[in-house]
Amino acid sequence: MALNGENGAGKSTTLHCILGMLSRDSGDIYVSNYHIDIEPVKSRHLVGFSPDDPFLYSYLSGLEHLKLWAGFRGLDEQSISYGRALLHHLGLNDRDLHNLTSTYSKGMKQKLSFIGAIFHKPALIVLDEPFTAMDQDSTEAALQLLESLKTQKCSMLFSSHQANIKNRLADRFLTLKDGHIE
């Protein structure tokens with residue numbers, strides 16, 4: 001599902017509420033029958049999130065981030081290898097993965113964050129303008145990965161101002177205006 005709306009309409013705020021990163025005024029949110037307030041660890045384990053401006057530890061390499069995220073999720077070395085292969089698919093080579101993320105461009109950071117959101121094969125992928133700094137070939141490769149995940153019954157909720165991305169990935173559209181569904 002694509003969230004539409006002008007800048008400031010509440011798209012990112014809505015996504016952050018769904019992720020449990022911001023408190024909400026009302027309502028309940030469930031991920032695969034897990035209430036995000038009652039069972040936050042179980043619900044968050046099923047979600048992958050990639051923001052447009054990812055937070056990365058500047059003193060860690062790309063590979064160290066991948067290993068850190070795998071550790072949080074209890075994933076094995078095979079999952080880390082899968083994540084590494086996905087990063088290669090998006091154009092990050094082994095040299096890039098061993099460099100500190102403080103040396104990464106915004107596009108490289110988005111690639112790493114994007115793969116961090118999907119390499120554990122989550123039930124729900126939440127994307128907040130994740131391709132704004134990626135080059136065209138990497139964006140195409142990322143879209144192909146998302147299309148593949150959709151065929152495996154992975155749900156997606158995302159915001160994007162890029163019409164081609166919305167039209168390609170979304171099966172439903174929701175428009176927000178001033179924090180309300182229009």
Measuring from atom [atom1] of [X] to atom [atom2] of [Y], what distance do you get when rounded to the nearest 0.5 angstrom?
| X | Y | atom1 | atom2 | result |
| --- | --- | --- | --- | --- |
| Ile118 | Leu127 | CD1 | CG | 9.0 Å |
| Asp96 | His88 | CG | NE2 | 8.5 Å |
| Met1 | Leu124 | CE | CG | 10.5 Å |
| Leu176 | Thr14 | CG | OG1 | 4.5 Å |
| Arg172 | Leu157 | CZ | CG | 9.5 Å |
| Lys109 | Leu92 | NZ | CG | 12.5 Å |

**OP:** Using atom types as modelled and distance alone, determine if a side-chain donor or acceptor of Arg168 lies under 3.5 Å from a backbone N or O of Glu147.
**Re:** no
**OP:** Keeping to residues at least two apart or across chains, list the salt bridge (charged side-chain N to carboxylate O under 4.0 Å, His left out) pairs with something in residues 5-29.
**Re:** Arg24-Asp37
For [X], what residues pass the side chain to side chain contact (heavy atoms under 4.5 Å, CB included) criterion, not counting sequence neighbours?
| X | answer |
| --- | --- |
| Asp53 | none |
| Ala2 | Phe158, Lys166, Ala170, Phe173 |
| His65 | Leu56, Tyr57, Leu60, Trp69, Thr101, Leu112 |
| Glu39 | Tyr34, Lys42 |

Is there a path of hydrophobic side-chain contacts, each under 4.5 Å between heavy atoms of I, L, V, M, F, W or Y residues, that connects [X] with [Y]?
| X | Y | result |
| --- | --- | --- |
| Phe72 | Leu87 | yes |
| Val126 | Ile115 | no |
| Leu90 | Met156 | yes |
| Leu63 | Leu100 | no |
| Ile125 | Met134 | yes |

Subject >> Nearest non-hydrogen partners of Ser160 and Gln162, listed with the distance >> reply: OG-N, 3.0 Å
Original post:
What heavy-atom pair brings Ser23 and Cys17 nearest, and what distance separates the two atoms?
Top reply: O-SG, 3.7 Å
Subject >> Test side-chain contact (heavy atoms from CB on, under 4.5 Å) applied to Thr139 and Leu143, step by step >> reply: CA-CA 6 Å; Thr139 300; Leu143 290 170; 4.0 Å; yes
Subject >> Remaining members of hydrophobic cluster (4.5 Å side-chain criterion), Tyr30 >> reply: none
Original post:
Apart from Val41 itself, what residues make up its hydrophobic cluster when side-chain heavy atoms of I, L, V, M, F, W and Y under 4.5 Å apart count as a link, directly or indirectly?
Top reply: none
Could I get the full list of ring-ring contact (aromatic ring centres under 6.0 Å, His included) partners for [X], not counting sequence neighbours?
| X | answer |
| --- | --- |
| Phe114 | Phe131 |
| Tyr104 | none |
| His45 | none |

Original post:
Does the pair Lys111 and Asp135 meet the rule for a side-chain contact (heavy atoms from CB on, under 4.5 Å), with working shown?
Top reply: CA-CA 10 Å; Lys111 291 174 189 182; Asp135 59 77; 3.2 Å; yes
Subject >> side chain to side chain donor-acceptor pair (under 3.5 Å) evaluation trace for His161 with Asn4 >> reply: CA-CA 8 Å; His161 288 288; Asn4 291 317; over 6 Å; no
Counting only heavy atoms from other residues, nucleotides and ligands, does the tally under 6.0 Å from [atom1] of [X] exceed 12?
| X | atom1 | value |
| --- | --- | --- |
| Lys177 | NZ | no |
| Asn33 | CG | no |
| Ile181 | CD1 | no |

**OP:** Please lay out, stage by stage, how Glu129 and Thr132 fare under the test side-chain contact (heavy atoms from CB on, under 4.5 Å).
**Re:** CA-CA 6 Å; Glu129 295 284 353; Thr132 56; 3.6 Å; yes
Subject >> Minimum side-chain heavy-atom gap Pro51-Ser113 below 4.5 Å >> reply: yes
Subject >> Trace of the side-chain contact (heavy atoms from CB on, under 4.5 Å) decision for Leu97 with Ser61 >> reply: CA-CA 6 Å; Leu97 294 178; Ser61 69; over 6 Å; no
Side-chain donor-acceptor distances from residues 78-85 under 3.5 Å, at least two apart:
unit_1	atom_1	unit_2	atom_2	d
Ser79	OG	Asp76	OD1	3.2
Ser81	OG	Glu77	O	3.2
Arg84	NE	Asp94	OD1	3.2
Arg84	NH2	Asp94	OD1	3.1

Would you say the side-chain atoms of [X] and [Y] include a donor-acceptor pair closer than 3.5 Å?
| X | Y | answer |
| --- | --- | --- |
| Gln110 | Ser50 | no |
| Glu140 | Gln144 | yes |
| Ser12 | Asp128 | yes |

Original post:
Partners of Arg73 by salt bridge (charged side-chain N to carboxylate O under 4.0 Å, His left out), sequence neighbours excluded?
Top reply: none
